[in-house]
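Working notes, structure below.
Residue numbers start from 1 in every chain, and the chains themselves are labelled A, B, ... in the order their sequence lines are given, proteins ahead of strands. What you see below is based on every heavy atom in this structure, not just the backbone, and it leaves out hydrogens, waters and symmetry mates.
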Number of protein chains: 2
Amino acid sequence: MKRTVPKKVSTAAHERLASWIAARGLKSTRQRDLIVDTFFSQTGHLSVDELVEKAKQRDPSIGAATVYRTMKILTDAGLASARHFEGGQTRYEGALDRHHHDHLICTSCGNIAEFENERIEELQDRVAEEHGFTVTHHKLELYGLCAACQQRQSNPNRQR
Amino acid sequence: MKRTVPKKVSTAAHERLASWIAARGLKSTRQRDLIVDTFFSQTGHLSVDELVEKAKQRDPSIGAATVYRTMKILTDAGLASARHFEGGQTRYEGALDRHHHDHLICTSCGNIAEFENERIEELQDRVAEEHGFTVTHHKLELYGLCAACQQRQSNPNRQR
DNA sequence: TTCATTTTGAAATTGATTCTCAGTCTCGAA
DNA sequence: TTCGAGACTGAGAATCAATTTCAAAATGAA
């Protein structure tokens with residue numbers, strides 16, 4: 001039951017994944033390739049559901065469990081990062097050569113913007129130090145309305 | 001089946017809850033009082049499980065669903081706030097006359113410290129502004145090892 | 001006391017995620 | 001090539017926190 005895997009996206013990611021997989025005796029499979037390929041061909045912060053749907057478009061036999069398993073591997077390999085925003089489901093974003101960054105989440109349309117702020121990071125470190133904490137990671141998320149949704153709310157006629 | 005409700009804790013909270021309840025046609029019940037009482041007699045960030053356990057110590061017939069329901073009411077009334085730290089379960093902290101604050105969470109012992117930092121808040125507002133966002137709320141959590149756990153790790157003999 | 005309405009506890013349900021298991025692949029060795 | 005141990009897969013069961021359902025019980029205004 002062979003299926004053609006669409007042409008590769010993000011070669012760097014595939015290579016890093018390949019060596020990660022080889023290094024621990026895992027095996028590379030058609031499903032894994034397809035899921036990884038699908039993930040890297042998208043941008044933004046995908047939920048597993050969304051990813052399952054996209055993957056099933058290419059191969060309807062893909063199971064959700066495999067998508068979960070694959071995203072865990074990608075995360076362990078440092079190629080994706082899992083985010084847990086409000087709303088209960090984990091979202092993944094590509095992590096290849098990316099800086100640390102935080103998020104602005106629109107509670108109306110779900111749009112997610114990213115930002116980096118060195119000054120805030122420094123202040124966080126200082127706070128941690130004052131409390132004798134060694135910080136391993138942190139979470140900074142700003143929730144509210146994006147510009148477009150504010151517009152929409154004050155101008156309901158133009159909505160949608 | 002009358003049971004004695006232990007003497008009141010945090011009268012202010014009870015009064016505010018009473019008017020909140022009265023204002024919307026809800027009824028005040030023995031279970032509710034007991035749960036609220038139990039909640040305010042504790043400090044820190046309680047999970048529902050912990051609260052259920054404490055409540056059952058006073059009245060084993062209390063059901064978990066009622067604790068969930070009661071904490072939702074307390075939250076809606078602005079007397080408690082729900083926090084969703086890493087780990088999957090909601091934790092509640094008293095919100096009576098409390099300033100906004102953020103958290104430092106020890107990933108080893110689970111200890112949670114609080115902090116306020118006006119400067120960070122300002123910078124967050126600026127970031128949001130630059131992106132055209134109107135922020136309604138945010139989440140800032142620093143995860144790592146508290147002083148005690150660092151000590152313990154570098155000095156395993158003194159562990160425990 | 002009456003009784004419409006709210007509340008309760010237990011059990012069922014939900015939603016996201018993980019686990020289990022029997023059948024399939026993968027890949028290095030022969 | 002062919003083999004075979006071990007990894008992988010999909011489906012469905014299991015888990016876990018939280019919510020909902022439902023019949024019985026409690027509340028409180030009249």
Side-chain angles (χ1 to χ4, degrees), chain A residues 1-5 17-36 38 45-53 55-77 80 82-92, chain B residues 1-5 17-36 38 45-53 55-56 58-77 80-92:
Chain A
M1 197 201 271
K2 293 263 171 63
R3 280 192 188 74
T4 341
V5 174
L17 181 59
S19 50
W20 174 271
I21 279 182
R24 48 214 83 209
L26 306 183
K27 291 174 178 173
S28 104
T29 69
R30 182 174 50 76
Q31 291 89 330
R32 222 110 98 167
D33 286 348
L34 194 157
I35 293 164
V36 171
T38 304
H45 302 73
L46 288 179
S47 69
V48 177
D49 254 9
E50 290 163 352
L51 194 48
V52 167
E53 192 176 345
K56 277 186 189 279
Q57 286 173 11
R58 296 195 187 182
D59 178 350
S61 73
I62 295 283
T66 303
V67 176
Y68 275 103
R69 288 186 281 236
T70 302
M71 291 317 292
K72 183 170 286 294
I73 293 175
L74 270 190
T75 302
D76 291 345
R83 303 286 182 176
H84 306 277
F85 300 126
E86 288 180 359
Q89 65 216 19
T90 302
R91 289 179 174 279
Y92 289 92
Chain B
M1 196 203 271
K2 292 266 170 63
R3 280 191 188 72
T4 341
V5 172
L17 181 59
S19 49
W20 174 272
I21 279 181
R24 48 214 83 208
L26 306 182
K27 291 174 179 175
S28 104
T29 68
R30 179 174 53 73
Q31 291 89 330
R32 223 110 98 166
D33 286 347
L34 192 158
I35 293 164
V36 171
T38 304
H45 302 73
L46 288 180
S47 69
V48 177
D49 256 8
E50 290 163 351
L51 193 49
V52 167
E53 193 176 341
K56 276 186 190 281
R58 296 197 188 180
D59 178 351
S61 74
I62 294 283
T66 302
V67 176
Y68 275 103
R69 288 187 279 236
T70 302
M71 291 317 292
K72 184 169 284 295
I73 292 174
L74 270 189
T75 303
D76 291 344
S81 36
R83 303 285 183 175
H84 307 276
F85 300 126
E86 288 180 0
Q89 64 217 22
T90 302
R91 290 180 173 279
Y92 288 93

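- Phosphate proximity of dT17(C) to K72(A): absent, as no side-chain N or O sits under 4.0 Å from OP1 or OP2.
- For D49(B) and T70(A), each mapped to the nucleotide of DNA chain D holding its nearest heavy atom, the one lying further toward the 5' end belongs to T70(A).
- Comparing dT7(C), dT21(D), dT18(C) by their nearest atom to the side chain of R32(B) picks out dT7(C).
- Not a single donor-acceptor contact under 3.5 angstrom links the side-chain atoms of R24(B) to the base of dT5(C).
- OP1 or OP2 of dC27(C) has at least one side-chain nitrogen or oxygen of S28(A) nearer than 4.0 Å.
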task = Go through the steps to decide whether V52(A) and Y68(A) satisfy the test side-chain contact (heavy atoms from CB on, under 4.5 Å), and finish with yes or no.
result = CA-CA 9 Å; V52(A) 167; Y68(A) 275 103; 5.7 Å; no

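- Distances shown here put a side-chain N or O of T29(B) below 4.0 Å from the OP1 or OP2 atom of dT8(C).
- Contact between the side-chain N/O atoms of T90(B) and the OP1/OP2 oxygens of dA17(D) is not found at any separation under 4.0 Å.
- Between the side chain of R30(B) and the base of dT6(C) there is no donor-acceptor pair of N/O atoms closer than 3.5 Å.
- For Y68(A), a side-chain nitrogen or oxygen approaches OP1 or OP2 of dT17(C) to under 4.0 Å.
- Nucleic acid contact for K56(A): none, since no nucleic acid atom lies under 4.0 Å from a heavy atom of the residue.
- Counting only heavy atoms from C-beta on, L26(B) has its side chain closest to dT7(C) among dA18(D), dT7(C), dC8(D).
- Put simply, the side chain of K27(B) and the base of dT6(C) share no donor and acceptor less than 3.5 Å apart.
- Within 6.0 Å of atom CD in E50(B), more than 12 heavy atoms from other residues, nucleotides or ligands are found, so the atom counts as buried in its surroundings.
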